[in-house]
Each structure stands twice: as C-alpha cells, then as structure tokens.
2 protein chains.
Amino acid sequence: MQEYLPILKKSNLFQGVTSEEIQTMLTCLSARLKHYKKDEFIIHSGDYIRSIGMVVSGTALIIQEDFWGKRTIISEVMPGTLFAETYACIPSSPIEMSVLCDTECDVIFMDFNRIMNICSSACNFHTRLVQNFISAIAKKNMVLTKKMQHMSKKTIREKLLSYLSAESIKASSSTFDIPFNRQQLADYLSIDRSALSNELSKLQAEGIITYNKNQFTLSTFSG
Amino acid sequence: MQEYLPILKKSNLFQGVTSEEIQTMLTCLSARLKHYKKDEFIIHSGDYIRSIGMVVSGTALIIQEDFWGKRTIISEVMPGTLFAETYACIPSSPIEMSVLCDTECDVIFMDFNRIMNICSSACNFHTRLVQNFISAIAKKNMVLTKKMQHMSKKTIREKLLSYLSAESIKASSSTFDIPFNRQQLADYLSIDRSALSNELSKLQAEGIITYNKNQFTLSTFSG
DNA sequence: TTCAAAATGTTGTAATAACAACTGAATTGT
DNA sequence: ACAATTCAGTTGTTATTACAACATTTTGAA
C-alpha cells in the first residue's frame, strides 16, 4: 500500500498527517487494498456499507438507477477522494447508488467502526483522522446546502442573483470573481447556458449587475 | 439544566443515552444554558462557530440575508434540534446564515472541541455521542443529496418521476405511500402545486403511474 | 347527516425556459 | 501570425411552467 502514500497524503482524510503516521494508521485501521477491473462494480445499490472507500488509482463513477433502469451519473470519483462515507455513518440505511469502475481501479477500504472507536494502542493521530473525516462530511453538507439555496429559486434570474449574492458575501465585496465559466455555471444551477447568458445581459441592461468575463459587480441600488 | 432532560433524551444527539449519562456528559462538555428573548439573534451571519447549539425551549428561525438585504427563512429549529453543527465542524469558515428567535428560547451550547476530544476522565458514553453527532450530519447529507437529485431535473415530469422512483426503490415495491400532501410535495420540489397536480394527471393518463390519494404505483412498462 | 373548510384537480393565459442555430470574440497551439 | 477551437452572447421558436380562477372531492367537526 506504500506506493499510494503520496495520494493518501494529499487526500482530505489524511490532511496534516505525515507518511509515517499514515502507515501506522493504515495498520491500526486494518485498511485493505482491492483491485478492480474496468466496468466492475465496487458497490451495488442496496448494499449495507460498513467501510469507507478511497480510490487511489483509476477513476470510478457514482451512478444511480431509477425504477425503470435508467442510469444517471451522479459524480466522478478521482484518486484521493472518499466515497460511500455518508452511508458508512448510517449503517442501517442501504446505499441508494452504485459505484462503478470507469477504468481499472485500486481502492483502499477502511472499516468505519475502527475509525470511530479510538484504538487503545494509543495511535496518536486517530483524533486527527476523526476530525478530518467529520470535516469532509461537514464540507459536503455545506456545499449541498449552498447549492440548494440557489436551486430552490424558481426563475433563472432568481437563481442567478442568489448565486451572485452568495459569492459577493463570501468575497466581502460587491466586486468578485466566480470560479465557473458560463457552461459550468449553467450546469451548476441546472439551467440552459444560452438562457443564462441572456439573463445576465438583461440584468446588466437593467443596471442590477455589471460583469466582464468572470468578474461581476452587484449594484447597491437597483432603482 | 435538568428540566430539559426529557427533551435532550429525545434528541438525535443523545439518542440511546440515559438521563444520568446525559447529566454526566453535560458536565464533561461544560454545556451552558443561555436564555434569549423573542427577535434576539442567537447567531449572526459571519460569526465563527465553535459550539453547537440545541434549542431546548421555544423555536428559532434559520435565516439568510442576501446582498440587497432580502431575508429568506431557510428552516425552523424546534426543541431538541441542533443548529450550526455543520459550521462548528469547519472552524475556518464563517457561518453564512443567522439564527433568530421566533419566540423566547432556551439554548444549550456545547463546545465542539470538547465533543471531539474524548475526555481523559473516562466518560464512557462519549464515543456514543460522537457517533450520534456524525450520524446526524451524515443524515442531513443524505437528505440533501436525495433532494438535489430530484431538483436538478429540468421539467416537472422528470422531477416527479425521479422522486417517485426513489420512493418506490426505498419501499422495495412498485406501490408505495408518500409522506407529503400535494402542496408539501410541490414545496419540496420547488414547483407549483397546480402544475404538479396537472402533471400527475397526465402521467396517469399515459399509463406511466396510477395513484390514489398518497398511494402511488409505477408501471413496469410504459408502452 | 350536514355544512364549512381544506385538499386536489382542471383549464386558460401570460411568463419563462429550453433548444437550436448562429455570430462574433477570445484563446490556444503550431 | 494564423487557423482551429472554445467560449459567450443573441435571436427566434417551441415547450414548459407559473399563476389565477374555478370545479370537484375529501375531510372533519358540529
């Protein structure tokens, strides 16, 4: 498993932990490495999850199948990223999505109970691990909540203003840069790109915002 | 603080912990009780959060103010419910919402670091507390992810089928009950109620679903 | 049982969005 | 510098949605 230490070290879970400490931890957690072929399932929808997984080589896809068998790609899992961690925290709920290898993959599994139950053998960095883990879940939570606030608005205009307002507040300035290009922003808000461009133009024409490329400015007074 | 033990006992955080154990824990966590008047702020947007709060009497509102000062109610906090817990996990991010008393409120605050750092004085139920806490955050995460999957669909029909499909899979049956009335379902999916009713009628006319009150059945073959 | 209120369904219309097709600007690689 | 490609904005058309107003059904209390 040592060959993957550089990736582990960069991961959110092991942030701030040295390579040596990681090695101790992996033993302490009885982490196990498993290899998967392309198109192989790592997790099937309906499984009860007791371990968290981290892809350390290759990429996997989180997919969901609806009642009629139609598949939707929820997200892509890159090396260093955890998956199934939410369901590992709630052992009584079966997972409602599948994890499928997009390429050959190597995955490290760590038992959730071992993560949570501080080991008696005095693994000093365990507390740090638990905090990183909680932090990762909390961050995901934050990202989802924020997105939800924009998405729950009914019109493109409202969605946009909600998003831009949040970015402005985050930047503590009425002028700020956004991290998306137009297509990405449209995807993020689940709207059409051209409709987005169109609405931005209108907002600018009405003097509510001004923008240039990815830099936006909100007007203090709209009238 | 003893007067609130019944509420604490029923809360997610202290689930499965006896009243005596809770009292020990509260001491171990140096929990403190604070009283607020109606319309008083418990948390201001921009604050850095180090404690999680639990309302034990009264109700509070989670609100957000946008760039132009327009307020939106995000949710209501009832007795026994935690708030600000996500931000407590990420001390470097200021909170982006405010918590405002809707009525007079009593709130118990517990220091996040004390929750996370297992006390040396051998408080046996601490591990349980941490697990409950993580479970609460993970559940919120699950709820948000699920809702997001429906909301990210573009048409009412797609949103509805996504929701109904998920409920069907959860129930492991093509026939199932939903926990919402029409208005609540419309609010949940951020769509208009009459448009929702209308689309349900069409789906039934096309033989894709059948329903009666809150019981729905999905058709295996749509053609 | 009867009545009022609440919940659900229906219809038409105006507003809004998606989509397609296109233009022009900006960016990139050679 | 040039061509190729990506990115952003514009326009017109069609599809979808919100909204209002009303009809019907269900519910619950008197």
Side-chain angles (χ1 to χ4, degrees), chain A residues 66 70 72-73 147-165 167 175-219 222, chain B residues 66 70 72-73 147-165 167 175-219 222:
Chain A
D66 72 9
K70 195 188 160 195
T72 311
I73 295 174
K147 183 169 174 178
M148 191 68 80
Q149 275 160 14
H150 312 319
M151 299 251 305
S152 62
K153 301 289 160 64
K154 282 185 183 164
T155 65
I156 288 183
R157 168 172 294 225
E158 284 174 315
K159 283 177 186 159
L160 262 173
L161 290 178
S162 172
Y163 172 74
L164 293 174
S165 173
E167 287 295 306
T175 298
F176 53 91
D177 287 334
I178 67 169
F180 293 136
N181 66 26
R182 298 293 186 272
Q183 184 61 62
Q184 289 167 333
L185 180 55
D187 289 343
Y188 174 71
L189 298 173
S190 288
I191 55 180
D192 180 73
R193 182 198 55 78
S194 69
L196 160 66
S197 271
N198 195 245
E199 196 63 43
L200 283 176
S201 300
K202 285 185 197 167
L203 284 167
Q204 189 163 47
E206 292 174 34
I208 298 166
I209 68 173
T210 55
Y211 61 94
N212 189 280
K213 294 181 189 172
N214 286 10
Q215 179 174 291
F216 288 76
T217 303
L218 307 187
S219 307
S222 52
Chain B
D66 72 9
K70 195 188 158 196
T72 311
I73 295 175
K147 183 170 173 177
M148 192 68 80
Q149 274 159 16
H150 312 319
M151 299 248 307
S152 62
K153 301 289 161 67
K154 283 185 181 163
T155 64
I156 289 182
R157 168 172 294 225
E158 284 175 315
K159 283 177 186 159
L160 261 173
L161 290 178
S162 171
Y163 172 74
L164 293 173
S165 173
E167 286 294 306
T175 298
F176 53 91
D177 287 333
I178 67 169
F180 292 135
N181 65 28
R182 298 292 185 272
Q183 184 61 60
Q184 289 167 333
L185 180 55
D187 290 343
Y188 175 69
L189 298 173
S190 289
I191 55 181
D192 180 73
R193 183 198 55 77
S194 69
L196 160 65
S197 271
N198 194 244
E199 195 63 43
L200 282 176
S201 299
K202 284 185 196 166
L203 285 166
Q204 189 163 49
E206 291 173 34
I208 298 167
I209 68 172
T210 54
Y211 62 94
N212 188 279
K213 294 179 190 173
N214 287 10
Q215 179 174 292
F216 288 76
T217 302
L218 306 187
S219 306
S222 53

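Hydrogens, waters and symmetry mates are skipped; everything else that's a heavy atom, side chains included, is used. A, B, ... follow the sequence lines: proteins, then strands. Residue 1 opens every chain.
- Every residue two or more places apart in sequence or in another chain that forms a side-chain contact (heavy atoms from CB on, under 4.5 Å) with A/S190 is listed here: A/M151, B/S152.
- Rounded to whole angstrom, the span from the CG atom of B/N198 across to the P atom of D/dC22 amounts to 18 Å.
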Going through the distances and angles, do B/D66 and B/T72 end up as a side-chain contact (heavy atoms from CB on, under 4.5 Å)?
CA-CA 8 Å; B/D66 72 9; B/T72 311; over 6 Å; no

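- The side chain of B/S197 has C/dT10 as its nearest neighbour among C/dT10, D/dG9, C/dT11.
- Straight-line distance from the CD atom of B/Q183 to the C1' atom of C/dA6: 12 Å, rounded to whole Å.
- When the P atom of D/dC7 is taken as reference, atom CG of A/L185 falls 14 Å away, rounded to whole Å.
- B/L200 places its CG atom 20 Å from the P atom of D/dT24, with the value rounded to the nearest Å.
- The residue among A/I191 and B/F180 whose nearest nucleotide of DNA chain C lies closer to the 5′ end is B/F180.
- For the pair A/L196 CG and C/dA17 C1', the computed distance is 12 Å after rounding to whole Å.
- Among C/dC19, C/dG9, D/dT17, the nucleotide with an atom closest to any side-chain atom of B/E199 is D/dT17.
- The two residues B/L189 and B/K159 make their nearest non-hydrogen contact at O-CD, 4.1 Å.
- The listed nucleotides are D/dA8, C/dA21, C/dG9; the one nearest the side chain of A/S194 is C/dA21.
- Out of C/dA18, C/dT8, D/dT17, the shortest distance to the side chain of A/A195 is found at C/dA18.
- Taking 4.5 Å as the limit, every side-chain heavy atom of A/D177 sits out of range of all side-chain heavy atoms of A/F216.
- Separating the CZ atom in B/R193 from the CD atom in B/Q183 is a distance of 6.5 Å, to the nearest 0.5 Å.
- Counting any heavy atom pair closer than 4.0 Å across all strands shown, B/D192 reaches a base atom.
- Atom CG in B/D187 sits roughly 14 Å away from atom C1' in D/dA18 (whole-Å rounding).
- Interface residues of residues 153-162 of chain B facing DNA chain C, ordered by number: B/K154; criterion, heavy-atom separation under 4.0 Å.
- Between the NZ atom of B/K213 and the P atom of D/dT27 there is a distance of 4 Å, rounded to whole Å.
- Side-chain proximity of A/R193 to the nucleotides D/dG9, C/dT8, C/dT11 is greatest for D/dG9.
- The distance between atom CZ of A/R182 and atom P of C/dA26, rounded to the nearest whole Å, is 13 Å.
- Side-chain contact between A/F176 and A/T217 is absent, with no heavy-atom pair separated by less than 4.5 Å.
- Comparing C/dA7, C/dG9, D/dA8 by their closest approach to the side chain of B/S201 singles out C/dG9.
- Within the 4.5 Å cutoff, side-chain heavy atoms of A/Q204 are placed close to those of A/Y211.
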